[in-house]
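Remarks on the structure that follows.
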Amino acid sequence: MSDYAVTPRSEDFSAWYNEIVVKSDLVDSPERTPVRGCMIIKPYGYEIWEGIRNGLDQRFKATGHQNAYFPLFIPMSFLQKEADHVEGFAPELAVVTHGGGKELEEPYVVRPTSETIIGDAMSRWIQSYRDLPLLLNQWANVVRWEKRTRPFLRTSEFLWQEGHTAHATFDDAQAETMQMLDIYADFAINEAAIPVIKGQKSDQERFAGAHASYTIEAMMGDGKALQAGTSHNLGQNFAKAFDITYTDVNNEPQHCWTTSWGVSTRMIGAIIMAHGDDKGLRLPPRLAPIQAVVVPIWKNESEAAVVLPVAQELAAKLREAGVRLHIDTREGLSPGFKYNDWEMRGVPMRVEVGPKDVQNGTAAIARRDIPGREGKQFVEQSLVVARVLTLLDEVQAGLLQQATAFRDSHLHEVVGDYDRFTEIVRGGEWALTWFSGEAEAEAKIKEDCQAVSRCFPLEQPYAGQSGPCIVTGKPATRMAYFAKAY
RNA sequence: CGGGGUGUGGCGCAGUUGGUAGCGCGCUGUGUUUGGGACGCAGAGGUCCCGGGUUCGAGUCCCGGCACCCCGACCA
């Protein structure tokens, strides 16, 4: 028993996470991975990524974006063209100095992000306002040398998509930035069942080289915040650095306005930490590689002969209905073992078929979001498909509901009471408070709370009003969330 | 990059005053089992993290590395 159990979430969230990503077969264990800080994503984990990729890619295409691919290596001089950008990334760059046995004339950086090399291409591709907007996306791996790594949450190499667009006006770029933020939020809420908060980053937390950065912030099961996606309005910073210009209707040369936006494999970490429990993962049905598993139960050959055909027929019908289905016919494992095994892997629905079911014309259906026998029900075999389809929707909604209730119970509004503010944030919960956004104010909070602002939520509870900044006491026009973060 | 911890079959661990490595799980074969983590029997599997040193002899003692985990500073 103890060999299968995982450290309870409440006891040690971090240990729970580390154990669960390995035991649920998402990644090879970090100790065995031969490259420091990098991860081996196993097939089951990669299938989750494929689900994320498909869901996002579809949304990108529907809004007019096209995929392209740019080089992994970026000339060092490109990064240096945007001062803030290179300063922000310099500490985490991997640099290639040799190739083909010779020292390179100019070192290449392994891309930490592609604003520069795509900006360079855009400068050649864009001539006229007729070429705008240019809406690109790239699915790629990037490298950022990280001191401290954790599977999915922070690794030296990770997978992501990075969108890069160029527009004729600031307003167009801003509209694009917000559109992509909305797409991320829609995906997180409706596919990953994570109730994210859309907001704007403070100047301190802004992307290196951006005019404005926006984020979707999610609350994990330990109360910490996780940035699950970002969208940046880059203003004309990169357009000026890379000479991305167009000729407008009046035949006047103009700099473009660009954006970039990304979601990474970190989203998988968000799903794990937002939904997982002491029995393992709980995957949202819309992203689960396996939505339902059929477990046939038999004692001997003669029972198997009766049970297996029924189980296989149910499996076939479920597949026909579009359910991503697996049938577990492994021999020599007890049903109990299989239940626990699939629960660890987070499969949303389980259908059990034993001799008694065959006799009664029934099957047992268990839902992953409700533990133990309460989540189990017996239904007639003819109704299994319909019930599974209904329950998959219910589980999807249930996970979002549970995560939302958890989040809301850990959010606190504070006005003018700095002691209470620090108490909340230090206690691992989220505080929403009036905030001036000044660097010194944020630095003080960081020192007192070991936390910085997460975002100014786009939906302000008292829009149009103002209140006392939690640090300076001076009137502030916006409220911001503060929380410890990953 | 600072502080702490751990490195021994695939995994989790034991290994006494230094004497040449063992347990549980898993794995292979086999038989009985199977409605919430089954059991018997028979097997396979080890550069004891790496490199030096002390010693007749090192998993054990000394020195130096490396890796991983946890806690802090930097970050999608």
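To find a chain, count down the sequence lines: A is the first, B the second, and so on, and within it residues start at 1.
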For a quick check of understanding: with a heavy-atom distance under 4.0 Å over all strands, which category does [X] fall into, base, sugar-phosphate or nothing?
| X | value |
| --- | --- |
| A/Asp12 | nothing |
| A/Tyr486 | nothing |
| A/Lys356 | base |
| A/Gly262 | nothing |
| A/Gln227 | sugar-phosphate |
| A/Ser156 | nothing |
| A/Trp160 | nothing |
| A/Ala364 | base |
| A/Pro112 | nothing |
| A/Glu343 | base |

Among [options], the nucleotide that comes nearest once only the side chain of [X] is considered:
| X | options | value |
| --- | --- | --- |
| A/Lys147 | B/G36, B/U34, B/C74 | B/C74 |
| A/Phe337 | B/A76, B/G37, B/G35 | B/G37 |
| A/Ser14 | B/G35, B/A76, B/C70 | B/C70 |
| A/Lys446 | B/G36, B/C74, B/U34 | B/C74 |
| A/Glu146 | B/G36, B/A76, B/A73 | B/A76 |

Geometric cation-pi criterion, [X] with [Y]: 6.0 Å, 45°:
| X | Y | value |
| --- | --- | --- |
| A/Arg144 | A/Phe158 | no |
| A/Lys42 | A/Tyr46 | no |
| A/Arg350 | A/Trp342 | no |

Polar pair under 3.5 Å, donor/acceptor by atom type, side chain [X], base [N]:
| X | N | answer |
| --- | --- | --- |
| A/Lys376 | B/G36 | yes |
| A/Arg350 | B/G36 | yes |
| A/Ser334 | B/A38 | no |
| A/Asp357 | B/G35 | yes |

Looking at B/A76 and A/Phe158: do their rings stack (centroid distance under 5.5 Å, interplanar angle under 30°)? yes
In Watson-Crick or G-U wobble terms, both distances under 3.5 Å, what is the partner of B/G26? none
Answer for the Watson-Crick or wobble partner of B/G9, both distances under 3.5 Å, is none
Please work out whether the ring planes of A/Tyr481 and A/Trp430 are parallel, tilted or perpendicular, with thresholds of 30° and 60°. perpendicular
Check whether any side-chain nitrogen or oxygen of A/Arg148 sits under 4.0 Å from OP1 or OP2 of B/C74, and answer yes or no. no
Please determine if a side-chain N or O atom of A/Asn18 lies less than 4.0 Å away from the OP1 or OP2 oxygen of B/C68. no
Do A/His164 and A/Thr258 make a side-chain contact, defined as non-hydrogen atoms from C-beta onward lying under 4.5 Å apart? no
Distance between the C1' atoms of B/G59 and B/G15, in whole angstroms? 8 Å
